Amino acid sequence: MSNARVVLVTGGMGGLGEVISTKMSAAGYRVAVTYSPGNTKHAEWVADMKARGHDILAVPCDVADLESCTKAVAEVREKVGEVDVLVNNAGITRDMTFKKMDKVNWDAVLRTNLDSLFNMSKQVVDGMTERGWGRVINVSSVNGSKGAFGQTNYSAAKSGVHGFTKALALEVAKKNVTVNTISPGYIGTKMVMAIPKEVLDSKILPQIPLGRLGKPEEVAGLIIYLASEEAAFVTGANIAINGGQHMQ
Ligand code: CAA
């Protein structure tokens, strides 16, 4: 095993995740990703990444389930090493107006987008504090700060993400472990492309001063910075990356 730091990206085969994991691999990290157990394309993805020069371990994991996270991280530890950088990136939407929102779609989003932070961080944070170095990077959303039509579940979960970040950041700061939130706006991924085109064109794009969707590479660049030595003094922050859509 090399001395390079180990990064684990949840949802690492998804729209943002794939770009984060390959950019981190290109930056010299040893990379592991989780994919959801229903994903049938994982072997193909790993082979494709290998062909592109990225040796990435992929482990199945339901981030909403504590036991599944325990098992997944044990496999990463055994095959790649102790996790130095955790990127809690996995997330889902189940958009509907509150009138139509049922408990199933509320629970699915809260469990996957918020409980996952407990489930995954629990596996790695003690190791980081014992070794005296670590980075936890939680992917929230502009909609956690500003709210969004059709997203009571998603906005609640993403807002909760930053509360988790701030509390954990306080607890581990003395051990050189930083915990930060990034809040992307609308990035050109499958998740955003699922928004009805008329809604995207009439309601969302006009709100973005830069006049375009963000690029996954732009988000990955911010994550690479937060994982770096240079970012050692940044903790408990919530960094917006939204084209000016929402300023705090
Ligand atoms: N703001 C204001 N009004 C809106 C609106 C919006 N964003 N979206 C829809 N409406 C209005 C519609 O114009 C419509 O009004 P009228 O009845 O007066 O015509 C009314 O609400 C009902 O709209 P729909 O017919 O679309 O209702 P629906 O029940 O079929 O769908 C919805 C509602 C599921 C919320 C759908 O509009 C939708 O998917 N909206 C997009 C939600 C969104 O932005 N999701 C973000 C996903 S990306 C993401 O989450 C990544 C990230 O972190 C940024």
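Hydrogens, waters and symmetry mates play no part in the numbers below; they use all other heavy atoms, side chains included. Small disclaimer: the values here were computed from a predicted structure and weren't measured. For ligands, and for the atoms within them, numbers begin at 1 and follow the listed sequence.
Heavy atoms only, all atoms of each residue included: Met128 and Val85 are closest at CE-N, 4.2 Å. Residues Val234 and Asn180 share a closest heavy-atom pair of O-ND2, 2.9 Å. Minimum interatomic distance between Ser25 and His54 (heavy atoms only, all atoms of both residues): OG-ND1, 2.7 Å. For Asp84 against Trp133, the heavy-atom pair with the smallest separation is O-CZ3, 3.7 Å. Heavy-atom minimum distance, Thr10 versus Thr34: CA-OG1, 3.2 Å.
Taking any N or O of Lys100, backbone or side chain, at least one lies under 3.5 Å from an N or O belonging to ligand 1. The shortest N or O to N or O distance between Ser140 and ligand 1 is not under 3.5 Å.
Within a 4.0 Å radius of atom 39 (O) of ligand 1, the protein contributes at least one heavy atom. Shown here, atom 53 (O) of ligand 1 is in close reach of the protein: a heavy atom of it lies under 4.0 Å off. For atom 44 (O) of ligand 1, a protein non-hydrogen atom is found at a distance below 4.0 Å. Distance remark: protein heavy atom present below 4.0 angstrom from atom 48 (S) of ligand 1. Distance check on atom 31 (O) of ligand 1: every protein heavy atom falls at or beyond the 4.0 Å cut-off. Closer than 4.0 Å to atom 18 (O) of ligand 1 lies none of the heavy atoms of the protein. In this structure, atom 23 (O) of ligand 1 has its sub-4.0 angstrom surroundings free of protein heavy atoms.
For the pair Asn138 (side chain) and Leu117 (backbone), a donor-acceptor distance under 3.5 Å is absent. Looking at Asn242, its side chain never comes within 3.5 Å of a backbone N or O of Pro184 through a donor-acceptor pair. Checked by atom type and distance alone, the side chain of Ser68 pairs as donor or acceptor with a backbone atom of Asp62 at under 3.5 Å. At distances below 3.5 Å, not a single donor-acceptor pair connects side-chain atoms of Arg111 with backbone N or O atoms of Asp65. In terms of modelled atom types and a separation under 3.5 Å, the side chain of Ser183 and the main chain of Val142 share no donor-acceptor contact.
Residue contact check: Ser141 has heavy atoms under 4.0 Å from atoms 52 (C), 53 (O), 54 (C) of ligand 1. Atoms of ligand 1 found under 4.0 Å from any heavy atom of Pro196, numbered from 1 in the order shown, are 39 (O). Less than 4.0 angstrom separates some heavy atom of Ile195 from each of these atoms of ligand 1: 41 (C), 46 (C), 47 (C), 48 (S). With ligand atoms numbered from 1 in the order given, ligand 1 contributes 44 (O) to contacts under 4.0 Å with heavy atoms of Ile204. Ligand-side atoms of ligand 1 in range of Gly185: 54 (C), range being under 4.0 angstrom from any heavy atom. Contact atoms of ligand 1 toward Thr93: 50 (O) (distance under 4.0 Å to a heavy atom of the residue). Taking a cut-off of under 4.0 Å to the non-hydrogen atoms of Gly150, the atoms of ligand 1 that pass are 35 (C). For ligand 1 and Met191, the ligand atoms under 4.0 Å from any heavy atom of the residue are 49 (C), 51 (C).
The protein heavy atom nearest to atom 33 (C) of ligand 1 is Thr97 CG2, 4.3 Å. Protein heavy atom in closest approach to atom 50 (O) of ligand 1: Gln151 NE2, 2.9 Å. In terms of protein heavy-atom proximity, atom 34 (C) of ligand 1 is nearest to Asp95 O, 3.6 Å. Considering only non-hydrogen protein atoms, atom 11 (C) of ligand 1 sits nearest to Phe149 CZ, 3.7 Å. At the top of the distance list for atom 2 (C) of ligand 1, counting protein heavy atoms only, stands Lys203 CE, 3.4 Å.
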Between side-chain atoms of residues 187-200 and protein atoms elsewhere (two or more places apart, or another chain), which donor-acceptor pairs fall under 3.5 Å?
unit_1	atom_1	unit_2	atom_2	d
Thr189	OG1	Met191	N	3.4
Lys197	NZ	Asp201	OD2	2.4

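Checked by atom type, the side-chain pair Thr181/His162 shows a donor-acceptor distance below 3.5 Å.
With salt bridges taken as basic N to acidic carboxylate O contacts below 4.0 Å, one links Arg212 and Glu218.
No more than 12 heavy atoms of other residues, nucleotides or ligands lie within 6.0 Å of NZ in Lys175, so this atom counts as exposed by the packing criterion.
Ligand 1 lies nowhere less than 4.0 angstrom from a heavy atom belonging to Ala148.
Summarising the contacts of atom 37 (O) of ligand 1 with Val199, Asn143, Val192, Thr189, the nearest heavy atom is found in Val199.
Remark: His42 engages Tyr35 in a ring pair (Phe, Tyr, Trp, His ring centres under 6.0 Å) (not counting sequence neighbours).
Contacts between Ile187 and ligand 1, counted as non-hydrogen atom pairs separated by less than 4.0 Å, are absent for every part of the residue.
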